[in-house]
Amino acid sequence: MFYAEPHSFFKQITIALLVLVFLLSFMTNREHLCSNHPFVTPTMSPHTIQSIIYSSIAKMTFDGHLSFKNIEFAAKDFGNRYHYTPWAVLHPKSVSDISSIIKYIFNLGLTSELTVAARGHGHSLEGQAQAYQGVVINMESLRVPEMSFHTGKQPYVDVSAGELWINVLHESLKHGLAPKSWTDYLHLTVGGTLSNAGISGQAFRYGPQINNVYQLQVVTGRGEVAICSEEQNTDLFHAVLGGLGQFGIITQARVALEPAPKMVKWIRALYTDFSTFANDQEHLVSSTDSFDYVEGFVIVNRTGLLNNWRSSFNPKDPVQANQFTSEGKILFCLEVAKYYNPEEMDHIDQEIDTLLSELNYIQSTLFQSEVSYVDFLDRVHVSEMKLRKEGLWEVAHPWLNLLIPRSSIDEFARGVFGNIVKDTSNGPVLIYPVNKSRWKNKTSLITPEEDVFYLVAFLSSAIPSSTGKDGLEHILTQNNKILNFCGRPHLGIKQYLPHYSTQEEWKAHFGTHWKVFSGRKLTYDPLAILAPGQRIFHRQKAFGLQ
């Protein structure tokens, strides 16, 4: 491992404070696990101790800076439901900034209750990147080193974890390259998505984004800086990928690249029968010669659907499309894309026609569009801009993301669509399968046991002050009904981007993987300093030092 050098702030702390911190660092609570230190009764009040600690941290010097004012943004996220104000926000300009503050808090031992959360672009849903009265690290401030590209046989880019994926895309394209796997929304930080998974319509082929990383630089909960990969510090590498920020803060990533296409054929078609829809999706994700992107979504009781598509898509048969009605129906939309370059134009349409001929969609509902590769990948940002103008972006987003085994997807569809979910006017409902046999299986990401499972995402937006079906309470009630349905043990459903309030619920989520997960916590963040907003481990019940 590589260790951060002590920061110059230590010179500013008096000898008396150092002695006090040294003595107090041996304190522990009787409830802490694995501790060999005796219980010591503090000679100062907890308030006095915390005041000294806060004062000493405030005097630290950084390449960036520590803010105590204008920090309200760190108590807000995309979910816009939980708001926990931190004590301070660190705007790092170097990895040493991050290492120094974590190491200092770690060295305080259990005399401090301070926690640290890394915040990317603030797209968490349930306060996961917040730290109540702790320190939030604004990772977007960390943009060093600049992106460095390797264009050899296995091209890659070394990039700061605070960089946005949209910027990685634009810089990569200058070299004729692009990352292999994406999320649907690109205005997220590299470190943020790698701490979860990063799943989109390319995942059936390349796996999630955590599958497409060669190397990471990580600051652990001990303040140590480590380089990790499949060959070096392997356990830490696997732990951090999909690790929900529990084991370390990703500060740099080496991301796999491939030659980038220039254009995209973007296609949508409808189904009325779920089994037919699912079979076609599964056929596409299991084929060696398929589309480059496969997703889908559910439409329940939506009017004028095809007319809405016409602003971006052209119907294959305009006359038949005009005769199709969606009112009151439960429909399933297949969404696929084929990437290509202009010189391939002569045969790309023939390839698409061949692929489509194997499917069983409603012929009159086939719509197509032709867009640039960048416009396709950044398509959600266009919707964001429209919603921002209407004041409908920064609202509550009580999203629910589920991973459903193939063997359970039919029962789930029958029980949820049209019964619990009576319409989809509050936001899109995504549904598409992936093939886990192509995914790495040693990361911290928890998925169903079966090789093929579906991502089902209820991406609702709540209208402020509404008490109707578009209000927050109605949507949360609907989500709870869905979760209650999913709680049937034989279904084997897991949450993606999970949110639980008790450790028992987390243990149930991880199942047989809990022992490994908690063991890694003991190794890399024994005082439970990191990512308190995930509510998995609690600072006052942290593991004792070994």
Side-chain angles (χ1 to χ4, degrees), residues 121 140 143-194 198-217 229-230 241 250 252-267 287-295 312 335-352 355 368-382 438 440:
H121 201 56
E140 286 194 87
R143 298 291 180 92
V144 292
E146 292 184 2
M147 286 184 232
S148 175
F149 289 86
H150 174 81
T151 57
K153 187 176 181 180
Q154 287 188 316
Y156 62 79
V157 57
D158 286 324
V159 59
S160 167
E163 196 64 77
L164 298 180
W165 283 105
I166 184 65
N167 296 335
V168 177
L169 172 62
H170 286 304
E171 289 301 313
S172 298
L173 288 174
K174 294 177 182 178
H175 301 268
L177 300 167
K180 297 178 178 180
S181 190
W182 297 98
T183 56
D184 287 328
Y185 181 61
L186 304 190
H187 294 253
L188 305 172
T189 60
V190 171
T193 64
L194 295 181
I199 302 175
S200 184
Q202 302 88 1
F204 78 94
R205 174 167 292 171
Y206 295 113
Q209 290 181 315
I210 59 175
N211 267 47
N212 296 280
V213 181
Y214 295 140
Q215 180 178 288
L216 297 172
Q217 182 187 67
S229 65
E230 292 284 3
L241 292 172
I250 300 171
Q252 188 174 327
R254 179 166 291 175
V255 178
L257 303 175
E258 66 175 356
K262 291 183 172 61
M263 299 297 296
V264 175
K265 292 280 189 176
W266 186 6
I267 301 164
S287 301
T288 53
D289 184 18
S290 184
F291 289 98
D292 298 293
Y293 162 98
V294 177
E295 284 197 11
S312 303
E335 184 170 51
V336 294
K338 190 72 173 175
Y339 306 156
Y340 69 100
N341 290 312
E343 59 270 22
E344 302 171 296
M345 180 68 77
D346 291 342
H347 59 82
I348 192 68
D349 286 334
Q350 183 177 349
E351 287 184 26
I352 291 174
L355 291 171
Q368 300 186 53
S369 180
E370 185 175 316
V371 295
S372 72
Y373 183 59
V374 172
D375 286 344
F376 174 73
L377 292 180
D378 202 27
R379 60 197 179 279
V380 178
H381 189 57
V382 176
R438 303 171 188 175
K440 293 178 181 177

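Start at 1 with the first residue, then count along the sequence.
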Minimum heavy-atom separation for I352 and I267, please, with both atom names.
CG2-CD1, 3.5 Å
Spacing of OH belonging to Y156 relative to NZ belonging to K180, to within rounding of 0.5 Å:
14.0 Å
Main chain of F376, side chain of R379: is a donor-acceptor contact present, judged purely on distance under 3.5 Å?
yes
Aromatic contact between Y293 and Y339, with the criterion being ring centroids under 6.0 Å apart: yes or no?
no
Checking D378 against H187 for the side chain to side chain donor-acceptor pair (under 3.5 Å) test, could you report, in this order, the C-alpha distance in whole Å, the side-chain angles of both residues, the deciding distance, and whether it holds?
CA-CA 9 Å; D378 202 27; H187 294 253; 3.2 Å; yes
For V374 and L173, the nearest pair of non-hydrogen atoms, with its separation, is CG2-CD1, 3.2 Å
Any residue meeting side chain to side chain donor-acceptor pair (under 3.5 Å) with K265, in chain and number order, not counting sequence neighbours
D349, E370
Is there a donor-acceptor contact under 3.5 Å linking the side chains of E295 and S200?
yes
Where the side chain of R254 meets the backbone of V159, is there a donor-acceptor pair that is under 3.5 Å apart?
no
Looking at P179 and L257, what are the two nearest heavy atoms and their distance?
N-CD2, 3.5 Å
Once rounded to the nearest 0.5 Å, what's the spacing between atom NE2 of H121 and atom CD1 of I166?
11.0 Å
Between N341 (side chain) and K262 (backbone), is there a donor-acceptor pair under 3.5 Å?
yes
Strictly below 4.0 Å, N to O, side chains only: are E146 and R143 in salt-bridge contact?
no
Which pair of non-hydrogen atoms, one from V294 and one from F291, has the smallest distance, and what is that distance?
CG2-CB, 4.3 Å
Pairwise distance CG(N211) to CZ(R205) - rounded to 0.5 angstrom
14.5 Å
From K338 NZ over to L355 CG, what is the distance, rounded to the nearest 0.5 angstrom?
5.5 Å
For the residue pair I210 and L241, what are the closest heavy atoms and their distance?
O-CD1, 3.6 Å
Does any non-hydrogen side-chain atom of Y206 lie less than 4.5 Å from one of E258?
yes
For the CD atom of Q209 and the OG1 atom of T193, what is their distance to the nearest 0.5 Å?
4.0 Å
S369 side chain to S312 main-chain N or O, any donor-acceptor pair under 3.5 Å?
yes
Does S181 reach the main-chain N or O of G207 with its side chain, forming a donor-acceptor pair under 3.5 Å?
yes
I'd like to know whether L377 forms a side-chain contact (heavy atoms from CB on, under 4.5 Å) with D184, so could you lay out the CA-CA distance, the side-chain angles of the two residues, the decisive distance to 0.1 Å, and finally the verdict.
CA-CA 7 Å; L377 292 180; D184 287 328; over 6 Å; no
So, S287 side chain and S290 main chain: donor-acceptor pair closer than 3.5 Å or not?
no
In this structure, CG of L194 is separated from CG of L216 (nearest 0.5 Å) by 6.5 Å
Please answer whether the main-chain N or O of G162 pairs with a side-chain N or O of S160 as donor and acceptor at a distance below 3.5 Å.
yes
